[in-house]
Amino acid sequence: MLYVDTSVIVKLYIKEECSLEVSQWIRRNNEAIPLTRFHELEFTNAIYLKQFRAEMTNEQVLLVLSKFDEHLRRGVYYRPQINWTDVINFAFDLSQSHTKTTGTRSLDTLHVASALALEANRFLTLDQRQSELAELAGLTIIPLLNQNT
């Protein structure tokens, strides 16, 4: 199973650095992406933050959220069952074992922990620290051009 970090999902809807590469990879991969409530929270919050920062208008926000919902209905994403207690336990263990050497933030650690709880074997992110943590956790990192922090 492939696990995709929310920052990658945002690039599918907002034109940013690496958006084209992400879009092309997702199309080539042709695999439904697991979507947790955590993803949805981060995605929605990122979009509303762009509105708060005057980077998007209300109309643009509504269009992006509508397109996201349409993709969910069409099967681009699916909602797997996830045990949040397992996620928190994995995150705590990852933090204790690796944060001192990777510098990974809590939310990035939660993504890696979510992937582990879902028994994913592949991980797609553009965050170098998160990528390092995912690799340490035994996940195969999907390489894209321009990995950045």
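Numbers here simply count residues along the sequence, with the first being 1.
Here the side chain of K11 pairs a donor or acceptor atom with the backbone of E17 at under 3.5 angstrom. Between the side chain of E135 and the main chain of E132, no donor-acceptor pair closer than 3.5 Å is present. For the pair T44 (side chain) and L41 (backbone), a donor-acceptor distance under 3.5 Å is absent. Of the possible polar contacts, none joining the S23 side chain to the L20 backbone as a donor-acceptor pair under 3.5 Å is found.
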Problem set entry | Working for salt bridge (Lys or Arg N to Asp or Glu O under 4.0 Å), residues R37 and E40 | CA-CA 5 Å; R37 290 296 283 172; E40 289 180 272; 3.5 Å; yes

Exercise. Is there a side chain to side chain contact (heavy atoms under 4.5 Å, CB included) between Y77 and I9 once you walk through the steps?
Worked result: CA-CA 10 Å; Y77 307 105; I9 294 171; 3.4 Å; yes

Exercise. Going through the distances and angles, do F123 and Q130 end up as a side chain to side chain contact (heavy atoms under 4.5 Å, CB included)?
Worked result: CA-CA 10 Å; F123 197 89; Q130 187 181 51; 3.8 Å; yes

For this session: List the steps and the verdict of side chain to side chain contact (heavy atoms under 4.5 Å, CB included) for N121 and L2.
Result: CA-CA 6 Å; N121 59 348; L2 171 67; over 6 Å; no

For this session: Dump the intermediate steps for side chain to side chain contact (heavy atoms under 4.5 Å, CB included) on T36 and R79, then the final yes or no.
Result: CA-CA 6 Å; T36 67; R79 295 178 198 263; over 6 Å; no

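Using bins of under 30°, 30° to 60° and over 60° for the plane-to-plane angle, the ring pair W84/F38 lands in the perpendicular bin.
For the pair S95 and T109, the tightest heavy-atom approach, listed with the atom from each and the gap, is N-CG2, 4.2 Å. Of all non-hydrogen atoms in P34 and M1, the two that sit nearest each other are CG-SD, 3.9 Å. In terms of heavy-atom proximity, R129 sits nearest to G103 at CD-O, 3.5 Å. The shortest non-hydrogen separation linking L139 to A120 is CD2-O, 3.1 Å. Here the closest non-hydrogen pair linking A137 and L94 is CB-CD2, 3.9 Å. Of all heavy-atom pairs between Q51 and N58, the closest is NE2-OD1, 3.2 Å.
Contact check for M56 versus I14: side-chain heavy atoms found under the 4.5 Å cut-off. In this structure, the side chains of V87 and F92 stay at 4.5 Å or more apart for every pair of heavy atoms. Inter-residue side-chain proximity for L12 and V22 is flagged as met; some heavy-atom pair is nearer than 4.5 Å. You'll find the side chain of H98 stays beyond 4.5 Å of the side chain of T104, heavy atoms only. In this structure the side chain of F68 reaches within 4.5 angstrom of the side chain of L35, judged on heavy atoms.
Remark: L124 CG to N29 CG distance equals 8.5 Å, nearest 0.5 Å. Between the CG atom of D127 and the CZ atom of R105 there is a distance of 5.0 Å, given to the nearest 0.5 Å. Atom OG1 of T102 sits about 9.0 Å away from atom CG of D108, to the nearest 0.5 Å. Expressed to the nearest 0.5 Å, how far NE2 of H71 lies from CD1 of I26 amounts to 11.0 Å. In this structure, SG in C18 is found 5.0 Å from CG in L126, a value given to the nearest 0.5 Å. From T57, atom OG1 reaches atom CG of L62 across 8.5 Å, with rounding to the nearest 0.5 Å.
Around the CD atom of Q81, the shell of radius 6.0 Å holds no more than 12 heavy atoms that belong to other residues, nucleotides or ligands. Within 6.0 Å of OH in Y78 there are more than 12 heavy atoms belonging to other residues, nucleotides or ligands. Residue Q96 places its CD atom among more than 12 non-hydrogen atoms of other residues, nucleotides or ligands, all under 6.0 Å distant.
Sequence neighbours left out, the pairs with a member in residues 23-34 that pass salt bridge (Lys or Arg N to Asp or Glu O under 4.0 Å) are E31-R122.
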Please output the side-chain donor-acceptor pairs of residues 111-118 that fall under 3.5 Å, not counting sequence neighbours, one pair per line with the distance.
residue, atom, partner, partner atom, Å
H111, ND1, Y3, OH, 2.7
H111, NE2, D5, OD1, 3.3
H111, NE2, T6, OG1, 3.2
H111, NE2, E42, OE1, 2.5
S114, OG, L110, O, 2.8

